[in-house]
Trainee: 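A single structure is presented below for examination.
Numbered from 1 within each chain, the chains take letters A, B, ... in sequence-line order.
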2 protein chains.
Amino acid sequence: MTTIGPAEPAPRRRRGRPGYDQPAILRTAIELFNRRGYDATSMGDLARELGLTKPAIYHHVTSKEQLLGEALADALDELTSVVTEASGERDGVSAYQRLREVVRRSVEVLVAHQPSVTLLLRVRGNSEVELAALERRRWLDDRLAALVADAVAEGSLRDNVPPALVSRLLFGMVNSLVEWYRPDGAYDHAVVADAITAIAFDGLARHEAHQV
Amino acid sequence: MTTIGPAEPAPRRRRGRPGYDQPAILRTAIELFNRRGYDATSMGDLARELGLTKPAIYHHVTSKEQLLGEALADALDELTSVVTEASGERDGVSAYQRLREVVRRSVEVLVAHQPSVTLLLRVRGNSEVELAALERRRWLDDRLAALVADAVAEGSLRDNVPPALVSRLLFGMVNSLVEWYRPDGAYDHAVVADAITAIAFDGLARHEAHQV
DNA sequence: CCTACCGATCGGTAGG
DNA sequence: CCTACCGATCGGTAGG
């Protein structure tokens, strides 16, 4: 029913031009979707960027929405791994330590999968694909909020701010890095991860000076 | 050349239907632009939402892009006021205090003008109007980064994270609240402003427990 | 001559 | 992978 599937294990002999495969088209599509926005990007734009005609793209891809779905699945799969692996209860590991680990690993995912995560964070729910992605995102948010609540309950986080609010602000800060982080820029991902965890957990005031 | 302008000071006698004025149409447009995205919102959608025909909208408004420009100007004017007023150097007011004031007043602007600020934060630069808005936004970002640098230089903020990075993360956290804040929701704007300043400046770890 | 619209349709372009 | 198209809808405007 569709030409999409796992990449052929052995590079088969091909007829015609070498051309693009689906992952290559997806990468370019994600880049354009981020640059101009999903709706403002036409399949013609994508064809021009690739040096193909519009119909040629449909040889590799069934729809524009499929490209979006593929991108969102990438981001969601990665974030789901982080949250399930790092937030799961383990003997001798406090909620506080697990939260710090989730923050650090989230930063790594945002850096390594920035284009698809950026798309995920901009989803508005305008189609079935987007609504499904929003549902998975909500599941992640709930797990993160529960982890923050655990850390508050165990006494390691401030309890004068509602945990749900803490969770939103903490991951709001984490997620904001997709707006400006550039892999070839001034900051290594480790520098960013350190800065975020330092600011989030210990604040940005010098401790001698944080009384107003 | 256009019927747009300041509202008539005295409500003159009208013939025909009472109808909408430009500010009312703008409010509805902003709401739709946020719900579905600017590009995904057609003037037909806006007309349907208002109970008008499409041509009727063009009686009040010259173009779809003008509506976007109006919204972005609202957000930018408000944020510019905050940054110029609260970040300006004054005798006896430290950069640290001014930064806290900017954060607090920014939260108030985000809450009071959430719809237009949300649009501003999603601009991609797809048109002249959007490019001009991005330029003004960059000006704001530069002023904020300078204020953070001043606070670091005066010794009140941690100096082990680059000031430019601190600025991005701090206002990334502030800006993230447009993604979830609801004026009729659980949190008063003062609660949110307190939570953000507390977390940002003093961190979310309890001070007895913030050593890992 | 005005404000406040309507029914119909313009030239182009969208995804497919 | 192209030329040649489709059904529909886009933002915007005509006359009345």
Trainee: Residues in salt bridge (Lys or Arg N to Asp or Glu O under 4.0 Å) with A:E108, at least two apart?
Mentor: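 Salt bridge (Lys or Arg N to Asp or Glu O under 4.0 Å) check on A:E108 returns nothing, list empty.
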
Trainee: Only counting residues at least two apart or in another chain, list the ones meeting salt bridge (Lys or Arg N to Asp or Glu O under 4.0 Å) with A:R104.
Mentor: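 Here the qualifying residues are A:D194.
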
Trainee: Taking N or O atoms only and anything under 3.5 Å, show me the protein contacts with nucleotides 4-6 of chain D, one pair per line.
Mentor:
none

Trainee: Could I get the full list of side-chain hydrogen bond (donor to acceptor under 3.5 Å, both in side chains) partners for B:D141, not counting sequence neighbours?
Mentor: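 Counting only residues at least two positions away or on another chain, B:D141 forms no side-chain hydrogen bond (donor to acceptor under 3.5 Å, both in side chains).
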
Trainee: Would you mind reading off the distance between A:H60 atom NE2 and C:dG16 atom P, rounded to a whole angstrom?
Mentor: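 Rounded to whole Å, this separation is 16 Å.
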
Trainee: If you take any heavy atom closer than 4.0 Å to DNA chain C, which residues from residues 41-49 of chain A end up in contact?
Mentor: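 Hits under 4.0 Å, by residue number: A:T41, A:S42, A:M43.
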
Trainee: Check B:L79, B:L144, B:V148, B:V107 against B:V102 for a side-chain contact (heavy atoms from CB on, under 4.5 Å) and give me the one that passes.
Mentor: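 Testing B:V102 for a side-chain contact (heavy atoms from CB on, under 4.5 Å) against B:L79, B:L144, B:V148, B:V107 leaves exactly one candidate, B:L144.
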
Trainee: Expressed as a whole number of angstroms, how long is the span from A:L50:CG to D:dC2:C1'?
Mentor: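 In whole Å, D:dC2 C1' and A:L50 CG are 16 Å from each other.
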
Trainee: Are A:S81 and A:E78 close enough that a side-chain donor and a side-chain acceptor fall under 3.5 Å?
Mentor: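 Not at all, the side chains of A:S81 and A:E78 share no donor-acceptor pair under 3.5 Å.
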
Trainee: Using whole Å, what does the distance between atom C1' of nucleotide C:dA8 and atom OH of B:Y58 come to?
Mentor: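 The answer, rounded to whole Å, is 16 Å.
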
Trainee: Using residues 32-39 of chain A as the side-chain source, report each donor-acceptor pair under 3.5 Å to any protein atom, sequence neighbours left out, with the distance given to one decimal.
Mentor:
{"from": "A:N34", "atom 1": "ND2", "to": "A:I30", "atom 2": "O", "distance (Å)": "3.3"}
{"from": "A:N34", "atom 1": "ND2", "to": "A:P115", "atom 2": "O", "distance (Å)": "2.9"}
{"from": "A:R35", "atom 1": "NH1", "to": "A:E31", "atom 2": "OE2", "distance (Å)": "2.4"}
{"from": "A:Y38", "atom 1": "OH", "to": "A:E65", "atom 2": "N", "distance (Å)": "3.4"}

Trainee: How does DNA chain D read in dot-bracket, base by base from 5' to 3', with Watson-Crick or G-U pairs under 3.5 Å and | used when the partner is on another strand?
Mentor: ....||.|..|.|.|.

Trainee: Expressed as a whole number of angstroms, how long is the span from B:I57:CD1 to D:dC10:P?
Mentor: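 Computing the B:I57:CD1 to D:dC10:P distance gives 12 Å.
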
Trainee: B:R182: what forms a salt bridge (Lys or Arg N to Asp or Glu O under 4.0 Å) with it, not counting sequence neighbours?
Mentor: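 B:R182 satisfies salt bridge (Lys or Arg N to Asp or Glu O under 4.0 Å) with no residue once adjacent residues are dropped.
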
Trainee: Round to the nearest Å and state the distance from A:H59 atom NE2 to D:dT3 atom P.
Mentor: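 Between P of D:dT3 and NE2 of A:H59: 17 Å.
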
Trainee: Under a plain distance cut-off of 3.5 Å, with no hydrogens placed, do A:T118 and A:Q114 share a side-chain donor-acceptor pair?
Mentor: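 No, A:T118 and A:Q114 have no side-chain donor paired with an acceptor closer than 3.5 Å.
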
Trainee: Starting from the C-alpha separation in whole Å, work towards a yes-or-no answer on side-chain hydrogen bond (donor to acceptor under 3.5 Å, both in side chains) for B:R158 and B:N160.
Mentor: CA-CA 6 Å; B:R158 58 167 65 238; B:N160 59 347; 3.1 Å; yes

Trainee: Answer yes when A:D74 and A:R27 have at least one side-chain N-carboxylate O distance shorter than 4.0 Å, and no when they do not.
Mentor: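 Looking at A:D74 and A:R27, the cut-off is not met.
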
Trainee: Starting the side chain at C-beta, find the nucleotide from C:dG16, D:dG12, D:dC1 nearest to A:A56.
Mentor: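 Minimum distance to the A:A56 side chain belongs to D:dC1.
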
Trainee: Listed by chain and number, what are the side-chain hydrogen bond (donor to acceptor under 3.5 Å, both in side chains) partners of B:R137, not counting sequence neighbours?
Mentor: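 Counting only residues at least two positions away or on another chain, B:R137 forms no side-chain hydrogen bond (donor to acceptor under 3.5 Å, both in side chains).
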
Trainee: Would you be so kind as to tabulate the donor-acceptor pairs closer than 3.5 Å made by side chains of residues 162-176 of chain B, with sequence neighbours excluded?
Mentor:
{"from": "B:N175", "atom 1": "ND2", "to": "B:F171", "atom 2": "O", "distance (Å)": "3.1"}
{"from": "B:S176", "atom 1": "OG", "to": "B:M173", "atom 2": "O", "distance (Å)": "2.7"}

Trainee: My understanding is that only residues two or more places apart in sequence, or in another chain, count here; which of them pass salt bridge (Lys or Arg N to Asp or Glu O under 4.0 Å) with A:R48?
Mentor: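 Residues passing salt bridge (Lys or Arg N to Asp or Glu O under 4.0 Å) with A:R48: A:D45.
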
Trainee: Where along residues 123-134 of chain A does a heavy atom come under 4.0 Å from DNA chain C, residue by residue in number order?
Mentor: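 Close to the strand, none.
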
Trainee: Separation of A:L68 atom CG from C:dG15 atom P, in whole Å?
Mentor: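 Spelled out: CG on A:L68 to P on C:dG15 is 13 Å.
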
